[in-house]
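Presented below is the structure to which this report refers.
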Number of protein chains: 2
Amino acid sequence: MTRQDDPRPLDEVDRTLLALLEEDGRMSNAQLARESGLAESTCLARVRSLRERGVIRGVHADVDPATVGRGVEAIVAVRFAGHARADIEEFTAAVPDLPGVVSLLHVSGGTDFYVHVAQPTAGDLRDFVLDHLTTRSGVAHAETSLIFDSRRGRRPLSEG
Amino acid sequence: MTRQDDPRPLDEVDRTLLALLEEDGRMSNAQLARESGLAESTCLARVRSLRERGVIRGVHADVDPATVGRGVEAIVAVRFAGHARADIEEFTAAVPDLPGVVSLLHVSGGTDFYVHVAQPTAGDLRDFVLDHLTTRSGVAHAETSLIFDSRRGRRPLSEG
DNA sequence: AGTGAAATCGAAACTGC
DNA sequence: GCAGTTTCGATTTCACT
């Protein structure tokens, strides 16, 4: 298994590699080595180590939902009735497997979860919320906000 | 420039390639070709086309914020006083450049923006909200929710 | 931990289908 | 739009430091 909690602190070279891969996850090992000033073999070992320690959780293509027939994006704020642990855990386990779910955030405060979804049409969005969220055990309320525009942060997380 | 709005519909092979790259953005062209049943040259051209058409917006390493010294994640719901276009546009342009911003969503409803941030400590989070969000022109209110847990959707967006 | 050289394998361009 | 060939570059291992 991969270790998620190795306490070894990151040095400057690690942060450089992370910033490069956050920007372009398909950059070749050879180019990573050049830009970070490492030998290729060393660079390969560093990146593997970052993965094994759970610093790099994965590398994923960012697909524009609108171009794959999912042009309607929304954030659904879900509030629970009680806070039965079993309900919360089942929700957390089940929702990421539903089609069109981009991400699921469990948060503090008046809202318990934010669900980021992408659906083909407004009707599909309504069906998704009614069929898969509000009907779920423990869910008291779901409030849907359409996403007009979304953008990634432009700074590498691994910086200063 | 890359075209963002080519209306050409995606076929099954495109969707297969997208699903593979959403899962593992570092998969080699050779392996993509094997798994999709294409010749390598064809596969290369297909992936390039998906990028040029804006279907693949980028490929990015997913870095665990906690491992790079940003263990405090939050969603900040921002509400504007009026809805002056200039304020909205300036907010949209400026916030993604702030350190620790993961993503920015402009949404409909009572909240105008959701800002996903990752900061080193609770104090840094407070400073971020007070210094960079609530002081910004047009901002009426910011409500911060700590993120207990976050997970990606497990289905490729490009499916079904 | 980091390196350099060597062997294997992949990328990218080009050809013809 | 697809497959075979070739050239060039990248990946990975290993012996050494």
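All chains are named by letter (A, B, ...) in the order of the sequence lines, taking the proteins before the strands, and each is independently numbered beginning at 1.
- Enclosure of atom CD in B:Glu23 is not indicated, since only 12 or fewer non-hydrogen atoms of other residues, nucleotides or ligands lie within 6.0 angstrom.
- Nearer to the 5' terminus of DNA chain C, by closest-nucleotide assignment, is the contact made by A:Leu38 (compared with the other of A:Leu38 and B:Arg34).
- A:Gln31 comes within contact range of no nucleotide atom at all, as no heavy-atom separation falls under 4.0 Å.
- Between the CG atom of B:Asn29 and the C1' atom of C:dA13 there is a distance of 13 Å, given to the nearest Å.
- Here D:dG9 sits opposite C:dC9 as a Watson-Crick or G-U wobble pair (both hydrogen-bonding atom distances under 3.5 Å).
- Pairing for C:dA1 is absent, with no Watson-Crick or G-U wobble pair whose two atom distances lie under 3.5 Å.
- Judged by closest nucleotide on DNA chain D, B:Thr42 is the one of A:Ser28 and B:Thr42 placed further toward the 5' end.
- Put simply, CD on B:Glu40 is 15 Å from P on D:dT6, counting in whole angstrom units.
- Put simply, B:Arg48 has a side-chain N or O that comes within less than 4.0 Å of OP1 or OP2 on C:dA13.
- In this model, no side-chain donor or acceptor of A:Ser41 finds a partner on the base of C:dG2 within 3.5 Å.
- Rounded to an integer number of Å, the gap from B:Glu12 CD to D:dG1 C1' is 18 Å.
- Other residues, nucleotides and ligands place no more than 12 heavy atoms under 6.0 Å from the CD atom of B:Glu143.
- Relative orientation of the B:Phe113 and B:Phe91 rings is tilted, given thresholds of 30° and 60° on the angle between their planes.
- Here D:dT12 presents its P atom at 5 Å from CG of A:Leu44, a figure rounded to the nearest Å.
- For the residue pair A:Arg53/A:Ser49, the side-chain donor-acceptor check at 3.5 Å is satisfied.
- In this structure, A:Arg46 reaches the C:dG2 phosphate: one of its side-chain N or O atoms is under 4.0 Å from OP1 or OP2.
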